[in-house]
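A note on names: the letters A, B, ... follow the listed sequences, proteins ahead of strands, and every chain is numbered from 1.
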Amino acid sequence: MNPVVCTSDDAAIVQRVTAIADGPLAQAAGRIDRDGHYPLEIMAALGAAGAFGAHLARGGERVGVALDAMRAISRRCGSTGFLTWCHDVCGLYMEQSGNPALNGAALDAHVAGRSFGGTALSNPMKALAGIEKLLLRAVKVPGGYRVSGALPWVSHIARGQYCGAMAGVYRDDGGLSHEILFLLRITDDVVLRPCPAFSGMEGTSTWGVRVDDCFVGDDALIADPARPFVARIRAAFVLLQAGMAMGVAQAGIDAMREVEPVLGHVNRFLDERPDALQGEFDELGARVAELAATPYDGSADYLLAVLDARVQGADLALRAAQSALLHQGARGYLASAAPQRLVREAQFVAIVTPAIKHLRWEMDRLCREELPA
Amino acid sequence: MTTENAPPWRQYLCRACGLIYDEALGDPDSGLAPGTRFEDIPDDWVCPLCGVMKADFEPCDAPGAQPQDDVPALAGAARRAAGVVVVGAGIAGWSAVQALRALDADVPITLVTACDGHRYHKPELSVAFGRGLAPQQLIREAGADAARRLGVALLADTFAVGLSPRLRQLRTTRGTLGYTKLVLAQGARAALPPPLSAALCWRVNDLAGWSGLHARLAGKTARVAIVGAGMIGCELAEDLAHAGHRVTLVDANAHPLSGLIPPALGARLADALRDAGIRYLGATRVESVERSERGDGTRAVRVATDAHGELEADEIVAAVGLVTPQRLARAAGLAFERGIVVDPRTMQTSAQHVYALGDCVSIGGAPCRFVEPIARQAAALAHHALQRAHDGYRHAAPVIRLKSRALPIVVHGAPVAQGVWDEPQRHGDGLTVRQWHDNRVVARLEARVVAPSPPGAARAAASPRPAHLEGA
């Protein structure tokens, strides 16, 4: 436990995190991306520096600080930025669960970067939006549930780690009763299946997960029923991803500026220039900072503003990464060049749940005027 | 292998990753020969791509797996050269488009609308039941046709979700639009103060809302409760009664049109509404509205009131006023005071290059939700936006007409809450009355008293289009 870190002042946290991001993380970015190195040693250092606790109630609900930290990390390595998001939302589930077994020593270790866990809520988020069906099934048994099913790809997990997961609880007649949210501990009962090679983000320890009648005790329950819980944390869940999007976008702008002294005379003929993108970046940053002040504002208008910012972040990351490549020209086309990694990272930001299309689907639902059925 | 009589090969979709298992091809890598029927696959087989189980596959021809026709997404080029973007395709939005196009045949215009963009005349919604009109008859021009005629890119079924005036960027549910000038014509929404809820109460504020209610009432005599006896509530009550429905009109004030007409005339209007077959319940507050199931399986709504106990109706309509949606304007930092604040000459908002007109604006701190000024607002706005000389819009309180058969009322000027009404003066079958405030006449009202027509008389005498509506 390291409560000192969680309560230390905002600038100090961001400064310590930035030092790690700009130092060892920047050094390792290529190895993480190319060789699939899962950077737990860096995640541990980031935890010790306070990167994973500011957004929690115990850290003063400083979502803006958590976002700044995630942005600094993602600017150097999108994969580690994604791990940070996974870790942050897992901490959020544990704390908000109100379950003493999850928010005591377990959360202390999680926040300090002594234990690690992610989130398997991609399928549930889509299921709750009506886009696909829930893949895990649960049956009530004394002292908990038994859960079965398979999830295609879950990140930031390994033996001895854990992730937030959701299952549908079915009645005897086969009908869906409700959903539960729980912490799935990756024990020997859980089958981890290697995923096919992705085109990026290989260092995020992403696995297919399969459970067969696996017991989930009350000590692992995050929310039962899950829906009210998800409704409460959904905006924070999505808003935190803006840190990832903005970090990648910033890296793209950095890469454009890097070649300005030598290539500026020709790059001025390109559509997207660093100053204009920086203007959009700053405008988005101000809006995200404002949204970060009230992460549990439950209104539809707030959620809509968060979804809008998240889409804009993904759009900006895509454009900045593409422009970075165009600005750097041949040197950006080298396999080892930053823009090559950035393009794949930005693509990931655009398709990771909630993807751009999923976000727009949700915004459409929120905007539609309800008429009597 | 398939024989002549065997059913055709089917395909199955992995719900997790989208991989398709094709029976014809099998999955040789995991030992399934081509021609292996899905039901013959062992239950422990998993998706070769993502590893979820056989049970997580579904037939590929299942509903939801088919591509759906949709509005085309924004092309990359549209995003850069959007020109003028107009948000909202009601009378205000289309008026702005028309005014802009009249001045400049070439300026690119994109119209973003949450509805399908069909052009209709909104005041007609207040008389359409009595005239026996169907939704299709109210459409004067299909949205796509109007867009073609006016050379406009129409983004229908699309919501504006974010606006950044500094970047000249409008974000929508179908992509981001840059603009040179933006025109907000989003209108106002029916207010739904508790206990009125969107799930139970109809609102007759646009064609979609009217059409929903129309579909529900078609072919039967229904009991309709209307909450709110303002202009819309009174007109709709009379229109529905005229069409043969049994209408109860509820208002918190003693008389209808409270605040707009003097109490004496309000009492007369209440009598006229009763003569038209409407049950008018004044000084009555709605305390709760609930869905109820009747014995025969049909649904009704139970409306609990403070003064008249519980009413049962087949449908309930909320007509307690309009509010301007704030989210987009507020998030963009536009000045907002009961509506989007505009310069009363140019219709420009507090943000450069952003204009607004129609029901969503506020002028002098008050909204102005009438049709008459919209064409003049559109002309002023179009000239300013395209930098053409123009005298500017001159705001004046529009003449208000209550489209009532029982007691047609015309109001000139703007009645105020603190004003004092004269005694009504009778001239033949007409009445006039003036309102005074600060030693001057602020409003003059004319009413004509006509003999009531029996309820339900309209169906036989329906004409396709009313001739006496307020003009746009």
Side-chain angles (χ1 to χ4, degrees), chain A residues 122-123 126-127 130-137 148-153 191-196 207-210 212 271 276 279-280 282-284 286-287 290-291 299-302 304-305 307-309 311-312 315-316 356-357 359-373, chain B residues 14-19 44 46-53 55-56 58 64 73 80 114-115 157-164 166-167 169 171-176 189-190 192 197-203 205-206 208-209 211-213 216 291 299 301 315-317 325-328 330-331:
Chain A
S122 172
N123 162 255
K126 284 183 269 186
I131 293 172
E132 58 185 45
K133 290 173 192 163
L134 211 51
L135 291 167
L136 296 186
R137 302 168 64 93
S148 300
L151 296 168
W153 20 72
V191 179
L192 294 184
R193 185 180 183 279
C195 292
W207 299 86
V209 172
R210 186 157 161 196
D212 192 11
D271 294 314
E280 287 192 50
D282 293 343
E283 196 259 2
L284 175 61
R287 207 136 34 79
E290 202 174 308
L291 293 168
S299 71
D301 281 1
Y302 177 76
L304 198 55
L307 301 179
D308 174 38
V311 173
Q312 199 187 350
D315 180 63
L316 201 56
I356 288 177
K357 57 190 175 178
L359 290 159
R360 293 207 179 126
W361 160 294
E362 284 283 357
M363 292 193 291
D364 182 282
R365 283 207 316 176
L366 286 171
C367 288
R368 220 157 265 285
E369 231 184 319
E370 183 184 10
L371 292 178
Chain B
C14 172
R15 294 195 325 234
C17 73
L19 175 123
D44 62 356
V46 296
C47 171
L49 183 57
C50 74
V52 303
M53 289 174 287
D56 292 316
E58 64 187 12
R80 281 186 206 292
C115 65
D157 207 24
T158 302
F159 296 91
V161 293
L163 168 60
S164 299
R166 207 164 56 74
L167 306 173
Q169 185 186 74
R171 293 180 300 277
T172 80
T173 47
R174 294 188 201 271
T176 300
R189 277 191 178 188
L192 282 170
S197 71
L200 296 179
C201 298
W202 294 98
R203 289 85 69 197
N205 186 44
D206 56 30
S211 301
L213 180 61
R216 217 33 111 57
R291 170 81 68 207
R299 294 185 307 177
V301 281
E315 305 298 338
I316 177 169
V317 180
Q326 310 189 10
R327 190 186 55 75
L328 192 70
R330 291 245 193 236

CG (A/Leu307) and CZ (B/Arg171) are apart, to the nearest 0.5 Å, by 12.0 Å

Cut-off 4.5 Å, heavy atoms of chain B, and the answer for A/Cys367 is both

ask   = Do B/Gln169 and A/Glu283 get their side chains close enough for a donor-acceptor pair, meaning under 3.5 Å?
value = no

If one checks every heavy atom of B/Asp206 against chain A at 4.5 Å, the contacting part turns out to be side chain

Does B/Asp56 pair with A/Arg137 as a salt bridge, N-O distance under 4.0 Å? no

d(A/Glu280 CD, B/Ser164 OG) to nearest 0.5 Å is 8.5 Å

Whatever's closer than 4.5 Å to a heavy atom in chain B on A/Leu151 counts as backbone

If you tally heavy-atom pairs under 4.5 Å between each of B/Ala114, B/Cys201, B/Ala331 and chain A, the highest tally belongs to B/Cys201

So, the part of B/Leu200 with a heavy atom under 4.5 Å from chain A: the answer is backbone

Under 4.5 Å to a heavy atom of chain B? For A/Leu371 that would be both

Turns out that what part of A/Asp301 lies under 4.5 Å from chain B's heavy atoms comes down to both

Turns out that what part of A/Arg287 lies under 4.5 Å from chain B's heavy atoms comes down to side chain

Separation between CG (A/Asp364) and CZ (B/Arg174), nearest 0.5 Å, reads 7.0 Å

dist B/Phe159:CZ -> A/Glu369:CD (nearest 0.5 Å) comes out at 8.5 Å

Value for CD (A/Glu370) from CG (B/Leu192), rounded to nearest 0.5 Å, stands at 9.5 Å

Okay, A/Leu192 and chain B: the region with an atom under 4.5 Å from a heavy atom over there is neither

When the 4.5 angstrom heavy-atom criterion is applied to B/Cys14 and chain A, the contacting part is neither

When the 4.5 angstrom heavy-atom criterion is applied to B/Pro325 and chain A, the contacting part is neither

When rounded to the nearest 0.5 Å, the distance separating CG of B/Leu328 from CG of A/Leu304 is 9.0 Å

Nearest heavy-atom approach of A/Arg360 to B/Thr172 is NE-O, 3.8 Å

Tightest non-hydrogen contact, residues B/Arg203 and A/Pro372, listed as NH1-CD, 4.1 Å

A/Ala373 and B/Arg299 have their tightest heavy-atom pair at O-NH2, 3.0 Å

